[in-house]
Amino acid sequence: MSAARSELLQVLEQRRYVHQITDREALDAKAAAGIITGYIGFDCTANSLHVGSLVPIMMLRRMQQTGHKPIVLMGGGTTKVGDPSGKDESRKVLTDADIAANKDGIRKVFSQFLKFGDGPTDAVMVDNAEWLDRLGYISFLRDYGAHFSVNRMLTMESVKLRLDRDQPLSFLEFNYMVLQAYDFVELARRLNCTLQMGGSDQWGNIVSGIELGRRVAGRELLGLTSPLITTAAGAKMGKTAQGAVWLNADRVSPYDYWQFWRNTLDGDVGRFLRLFTDLPEGEIGRLEALQGAESNEAKVVLATEATRLCHGDAAATEARETARRTFEEGESAAGLPTFPLDAGQLKAGIPAFEVVAASGLVASKGEARRMIRAGGVRLNDRPIADETAPVTATDLGPDSTLKLSVGKKRHAIGILAG
């Protein structure tokens with residue numbers, strides 16, 4: 001493969017965002033010749049995106065950093081249908097009010113990663129409900145449905161996997177790829193968008209949009225997908241025992257977000273530094289070469305830089321300092337995640353395993369019991385020996401709080417409430 005001429009493709013390939021490109025030479029030539037406009041779509045299925053969405057967000061950021069124009073496409077329309085890609089069952093049908101609330105929550109995170117405005121490379125945010133909600137069913141089928149082969153649609157990975165597993169696929173979801181293809185055509189017409197990017201599971205949908213653009217609008221469109229990101233242990237990126245790692249601070253605190261990155265496996269550090277930070281290649285090379293205990297420096301840098309991008313300088317610095325004081329000095333530092341303690345229940349005594357479960361540091365009461373029996377839980381830096389031992393008001397410090405630790409890296413502060 002020849003070296004890329006455009007800075008865009010150089011950066012995307014060097015930092016390992018690229019899985020497939022529909023026409024690498026054409027994309028490289030367009031990006032070298034001038035500003036190109038590209039988009040990625042985000043459906044509004046929750047009120048926050050999670051770490052699994054960070055690669056596409058960072059791809060849009062790389063576009064803007066290399067002098068091109070990113071479009072954030074909010075799926076106010078397609079969310080009503082549901083993307084079957086990677087799903088074993090149909091998504092819950094959301095109301096218009098649910099979708100609007102989710103869209104408002106999702107919007108917040110993009111301002112941290114992209115510069116929006118009216119300039120030639122400023123990002124723009126649009127909602128596909130603007131055109132999808134207005135479609136007339138019969139006219140849409142007549143004008144666009146004829147360009148899609150059901151035989152071919154059945155071979156698309158997102159459809160084939162569902163059918164192979166004998167999982168139901170509704171006619172509503174079956175239409176998703178048609179609507180996504182139409183999105184690309186609309187963005188090409190409205191904003192001269194020529195590039196769609198997405199995860200590897202979106203390849204079939206992207207190719208369908210490129211073909212539709214050529215057939216109905218005579219446009220030469222391009223597509224690029226990123227690889228599926230898994231950890232060195234083979235786990236799906238962004239999933240923990242406590243659930244998804246959300247990008248909004250009201251879902252996952254900046255401190256917990258920092259801790260997620262600090263707990264990165266040694267084999268993932270270099271790759272994640274390239275994908276999820278703005279550090280230059282030379283510094284990344286130095287950090288990923290660190291071995292043994294020194295590799296912790298690289299993980300702290302990764303955690304701090306990733307948190308800086310998502311939550312800002314102040315939050316990243318506070319999270320790093322909180323961790324340093326907690327782990328190095330054994331202090332009950334401010335900034336740790338908190339959970340409420342009921343004064344009435346404390347008076348009678350709360351079984352230790354219930355307090356641990358209530359802290360959010362474990363996924364269930366059963367896990368809390370197992371961790372205590374294994375000697376992995378500490379109350380105010382002292383091991384809890386008995387899973388049923390009562391936690392009472394006498395365990396509170398002068399500030400009416402207590403510190404709970406699970407393992408070496410998970411901590412929370414219990415605060416007296418009522």
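- Nearest heavy-atom pair, Y39 versus Q180, reported as atom, atom and distance to 0.1 Å: OH-O, 3.9 Å.
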* Asked: Stepwise, does the side-chain contact (heavy atoms from CB on, under 4.5 Å) test hold for D104 with R107?
  -> CA-CA 5 Å; D104 287 342; R107 279 178 174 151; 3.1 Å; yes

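- Atom CE in M125 sits 5.5 Å away from atom CZ in F110 (nearest 0.5 Å).
- Atom-to-atom distance recorded for L222:CG and T194:OG1 is 6.0 Å, nearest 0.5 angstrom.
- The main-chain N or O of M177 is never found under 3.5 Å from a side-chain atom of N205 such that the two would form a donor-acceptor pair.
- Considering only heavy atoms from C-beta on, L279 comes within 4.5 Å of L287 through its side chain.
- Remark: the backbone N or O of K108 is paired with a side-chain donor or acceptor of S111 at under 3.5 angstrom.
- F113 has its side chain out of reach of L60: every pair of non-hydrogen atoms, C-beta onward, lies at least 4.5 Å apart.
- Heavy-atom minimum distance, R251 versus S48: CG-CB, 4.0 Å.
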* To do: Evaluate the salt bridge (charged side-chain N to carboxylate O under 4.0 Å, His left out) criterion for residues R308 and D278: first the C-alpha distance (whole Å), next the side-chain angles of each, then the deciding distance (0.1 Å), finally the verdict.
  => CA-CA 10 Å; R308 190 189 315 282; D278 285 342; over 6 Å; no

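- Two residues are said to be in side-chain contact when any heavy atoms from C-beta on lie closer than 4.5 Å; V124 and K69 meet this criterion.
- Looking at Q64, its side chain never comes within 3.5 Å of a backbone N or O of L114 through a donor-acceptor pair.
- Shortest non-hydrogen contact noted between T304 and W258 is OG1-NE1, 3.0 Å.
- Using a 30° and 60° split on the angle between ring planes, F276 and W261 fall in the tilted class, from 30° to 60°.
- A 4.5 Å side-chain heavy-atom check between V126 and L191 finds at least one atom pair inside the cut-off.
- When side chains are defined from C-beta on, V216 counts as touching R189, because their heavy atoms get closer than 4.5 Å.
- In this structure, CG on L8 lies 9.0 Å from CE on M59, to the nearest 0.5 angstrom.
- Smallest separation of non-hydrogen atoms from V18 and L224: CG2-CD1, 4.2 Å.
- R286 CZ to I284 CD1: the interatomic distance, rounded to the nearest 0.5 Å, is 11.5 Å.
- In summary, D256 and R410 do not engage in a salt bridge, as defined by a charged side-chain N under 4.0 Å from a carboxylate O.
- How far CZ of R61 is from OG1 of T66: 11.5 Å, rounded to the nearest 0.5 Å.
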* Stepwise side-chain contact (heavy atoms from CB on, under 4.5 Å) test for N128 and E186 -> CA-CA 9 Å; N128 61 17; E186 276 294 314; over 6 Å; no

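- Taking a 6.0 Å sphere around NZ of K299, one finds it holds more than 12 heavy atoms contributed by other residues, nucleotides or ligands.
- Annotation for A315 and P254: closest pair CB-CB, 3.9 Å, computed over non-hydrogen atoms.
- Remark: the backbone N or O of E130 is paired with a side-chain donor or acceptor of R134 at under 3.5 angstrom.
- Residues V252 and W246 approach most closely at CG2-N, 3.4 Å, considering heavy atoms.
- Rounded to the nearest 0.5 Å, atoms CG (L273) and CZ (R15) are 8.5 Å apart.
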* Trace of the side-chain contact (heavy atoms from CB on, under 4.5 Å) decision for L73 with I40 -> CA-CA 6 Å; L73 179 65; I40 300 177; over 6 Å; no

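- Within the 4.5 Å cutoff, no side-chain heavy atoms of R214 are placed close to those of L221.
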* Dump the intermediate steps for side-chain contact (heavy atoms from CB on, under 4.5 Å) on R190 and W131, then the final yes or no. => CA-CA 11 Å; R190 292 168 181 245; W131 51 85; 3.5 Å; yes

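- Using a distance-only test at 3.5 Å, with no hydrogens or angles considered, a donor-acceptor pair links the side chain of N248 to the main chain of G105.
- The side-chain heavy atoms of M58 and L275, taken from C-beta on, include no pair separated by under 4.5 Å.
- Inter-residue side-chain proximity for F353 and V377 is flagged as unmet; no heavy-atom pair is nearer than 4.5 Å.
- Between the side chain of T277 and the backbone N or O of E305 there is no donor-acceptor pair closer than 3.5 Å.
- A donor-acceptor pair under 3.5 Å links the side-chain atoms of N102 to the main chain of N47, judged by distance alone.
- Residues N192 and T37 have side chains that never bring a donor and an acceptor to within less than 3.5 angstrom of each other.
- Within the 3.5 Å criterion, the main-chain N or O of I36 finds a donor-acceptor partner in the side chain of H68.
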* May I have the step-by-step check of side-chain hydrogen bond (donor to acceptor under 3.5 Å, both in side chains) for T231 and D268, ending in yes or no? => CA-CA 6 Å; T231 68; D268 289 326; 4.5 Å; no

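- Side-chain N or O atoms of Q10 include one that pairs as donor or acceptor with a backbone N or O of A4 at under 3.5 Å.
- A salt bridge links E13 to R24: one of the charged nitrogens lies within less than 4.0 Å of a carboxylate oxygen.
- Under a 3.5 Å cut-off, the side chain of K403 and the backbone N or O of I413 do not form any donor-acceptor pair.
- Results of the salt bridge (Lys or Arg N to Asp or Glu O under 4.0 Å) test with K103 over D127, D98, D43 single out D127 as the only residue that passes.
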